[in-house]
Asker: 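Structure in structure tokens, see below.
Nothing fancy with the numbering, it's 1 onward along the sequence. What you see is a predicted model; the values in this text were computed from it and never measured.
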Amino acid sequence: MASDTTVVPSADGSAGEVMAAVDEDGGVERYVIADVERDGAWLATPSAEAATLHEMR
């Protein structure tokens with residue numbers, strides 16, 4: 001599993017810690033982004049459907 005953590009400022013100027021990782025569950029790889037400072041603040045998509053860095057720019 002690969003992961004990366006960074007601090008991201010929010011609209012109100014506060015900062016939160018956000019983590020991105022690729023996780024495998026039941027044979028399906030998923031790209032997961034989570035705010036590790038808030039319960040339930042995450043999203044996931046199958047890796048094959050996730051945008052590449054080039055596509056996000």
Asker: Which heavy atom of Y31 sits nearest a heavy atom of A20, and at what distance?
Answerer: OH-CB, 3.5 Å

Asker: To the nearest 0.5 Å, how far apart are CD in E49 and CZ in R30?
Answerer: 10.0 Å

Asker: Rounded at 0.5 Å granularity, tell me how far CG in D35 sits from CD in E17.
Answerer: 8.5 Å

Asker: Heavy atoms, side chains only, cut-off 4.5 Å: are V32 and V22 in contact?
Answerer: no

